[in-house]
Amino acid sequence: MIYGILGNTRKETIWAQVGSLIRWMEERGIAYRLHSDIASGLAANGELDAASCSAHEATDIARESDILLSFGGDGTLLQTAHIAGEHETPILGVNLGRLGFLTKIEVSEVQQAVERMEADAYTCVPRMGIAANIPGAPENYLTWALNDLTIGKTGTTSMLTIEAEVDGAYLNTYRADGLIVATPTGSTAYSLSADGPIIEPSSRVFVLTPIAPHTLTARPIVLPDTATITLRVVDAVPYIVAMDGQSTVIDAPGGLITLRRANHSVQLVTFPDRDYFSLLRDKLKWGAERGE
């Protein structure tokens, strides 16, 4: 088993944690690949000798590794998911952040997690993504998202008017600060903060959640993952499109944004004792009255 190691290099705690893990893995002959940013950071912080820090580019790590260890928070894991891309390399999120719905383990548990993966005591859970065609976006902009796609206003726009269709049938005209189209994975991200529902991640659906709608009748709606969703911003340019938190400004009026289920999945590593509902109880403090 080869482990690709990536992470959020802006977090100072990463260096001691990853350095300790690398030394532990080397003692046991466990193979790994270091992202170039991680390798240079470990050397600069004195965690590993520079000569022993063999660095690899992200695309090589995704292709050569059996499992990717993503050190950081949910944002870091989203970046790792885009690195894995259509390789579908399984990812284990190691939490260095705060809330963390995608990061499955805390950093103190990472050595135990590697031991369990070495013993084949883990599973990979596929998570669906959203594929998007966005007229007016730069050529190098994202084409799919694990969490969500959001249409939002710029600082000069008072409100957006967004027409939505599902499989060619008119759904609604949203007058709001924006609109979120989320996967089940993304239902606990921006959509949740905009009063969208929590969706169990194996569900095969999308959820459309308006942001601060002008009318109380504009409610979130859940749609099947077989649907083709088209969105058109009627009267405001420029506006912002963000996919998994990476935003771009669209200055082309009248373009139809088309959304479908992505052709590939993101494989997240989990363990038999880490079910989704225990995660919700832990992160949202549910079940407190039972002393859980």
Side-chain angles (χ1 to χ4, degrees), residues 6 8-10 35-37 57-63 68 70 72-89 91 102 127-157 160-165 174 176-187 189-191 193-194 206-211 223 225 227-267:
L6 312 93
N8 185 347
T9 57
R10 296 187 300 274
H35 186 275
S36 55
D37 292 344
E57 294 304 313
T59 52
D60 294 333
I61 289 179
R63 185 177 62 252
L68 300 176
S70 176
D74 283 358
T76 305
L77 191 141
L78 290 175
Q79 294 175 7
T80 303
H82 285 276
I83 289 170
E86 295 184 3
H87 294 292
E88 297 195 14
T89 312
I91 304 167
L102 296 178
R127 297 288 185 94
M128 63 173 278
I130 300 172
N133 180 41
I134 308 170
E139 288 186 8
N140 61 349
Y141 189 59
L142 301 180
T143 58
W144 67 276
L146 172 59
N147 259 6
D148 49 37
L149 177 142
T150 300
I151 299 175
K153 63 181 186 178
T154 63
T156 58
T157 307
L160 295 178
T161 301
I162 305 170
E163 291 182 348
E165 293 186 355
Y174 295 94
D177 284 355
L179 183 67
I180 306 163
V181 183
T183 64
T185 299
S187 71
Y190 193 7
S191 177
S193 69
F206 300 112
V207 58
L208 272 63
T209 306
I211 305 167
L223 302 170
D225 71 336
T228 297
I229 303 166
T230 55
L231 306 172
R232 184 169 71 92
V233 179
V234 176
D235 57 0
V237 290
Y239 57 91
I240 294 172
V241 172
M243 296 182 71
D244 284 349
Q246 299 188 41
S247 61
T248 187
V249 175
I250 305 298
D251 202 8
L256 284 179
I257 297 174
T258 305
L259 306 175
R260 298 180 177 88
R261 180 183 176 123
N263 290 329
H264 70 283
S265 300
V266 175
Q267 303 290 327

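Along the sequence shown, residues are numbered consecutively beginning with 1.
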May I ask you to test the [X]-[Y] pair for a side-chain heavy-atom distance under 4.5 Å?
X      : Y      : value
Leu102 : Leu78  : yes
Ile151 : Ile240 : no
Asp148 : Ser191 : no
Ile257 : Thr230 : no
Leu146 : Arg127 : yes
Thr161 : Val233 : no
Ser70  : Leu68  : no
Thr150 : Ile211 : yes

Atom of [X], atom of [Y] and distance for their closest heavy-atom approach:
X      : Y      : value
His87  : Ala62  : CD2-CB, 4.0 Å
Leu149 : Ala132 : CD1-CB, 3.9 Å
Ile83  : Ala58  : CG2-O, 3.5 Å
Ala182 : Ser187 : CB-N, 4.3 Å
Ala252 : Gly136 : CB-CA, 4.4 Å

Is it true that a side-chain atom of [X] and a backbone atom of [Y] form a donor plus acceptor pair closer than 3.5 Å?
X      : Y      : answer
Thr154 : Tyr239 : no
Asp244 : Asn147 : yes
Tyr141 : Met243 : yes

In Å and rounded to the nearest 0.5 Å, what is the [atom1] to [atom2] distance from [X] to [Y]?
X      : Y      : atom1 : atom2 : result
Arg63  : Thr89  : CZ    : OG1   : 10.0 Å
Ile162 : Asp177 : CD1   : CG    : 9.5 Å
Arg260 : Thr228 : CZ    : OG1   : 4.0 Å
His264 : Glu86  : NE2   : CD    : 5.5 Å
Gln79  : Gln246 : CD    : CD    : 6.5 Å

Q | Derivation and outcome, side-chain contact (heavy atoms from CB on, under 4.5 Å), residues Leu142 and His82 | A | CA-CA 9 Å; Leu142 301 180; His82 285 276; 3.9 Å; yes

Q: Give a yes or no on this: more than 12 heavy atoms of other residues, nucleotides or ligands lie within 6.0 Å of atom CG of Asn263.
A: no

Q) Which of these, Leu160, Leu208, Val234, sits in a side chain to side chain contact (heavy atoms under 4.5 Å, CB included) with Tyr174? A)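 Result for side chain to side chain contact (heavy atoms under 4.5 Å, CB included) with Tyr174: Leu208.
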
Q | Residue among Leu77, Thr80, Thr76, Asp37 satisfying side chain to side chain contact (heavy atoms under 4.5 Å, CB included) with Leu6 | A | Thr80

Q) Which residues pass the side chain to side chain contact (heavy atoms under 4.5 Å, CB included) test with Arg261, sequence neighbours left out? A) Met128, Arg204, Phe206, Asp225, Ser265

(Q) Is there a side-chain contact (heavy atoms from CB on, under 4.5 Å) between Ile134 and Ile250? Walk through the geometry before answering. (A) CA-CA 9 Å; Ile134 308 170; Ile250 305 298; 3.9 Å; yes

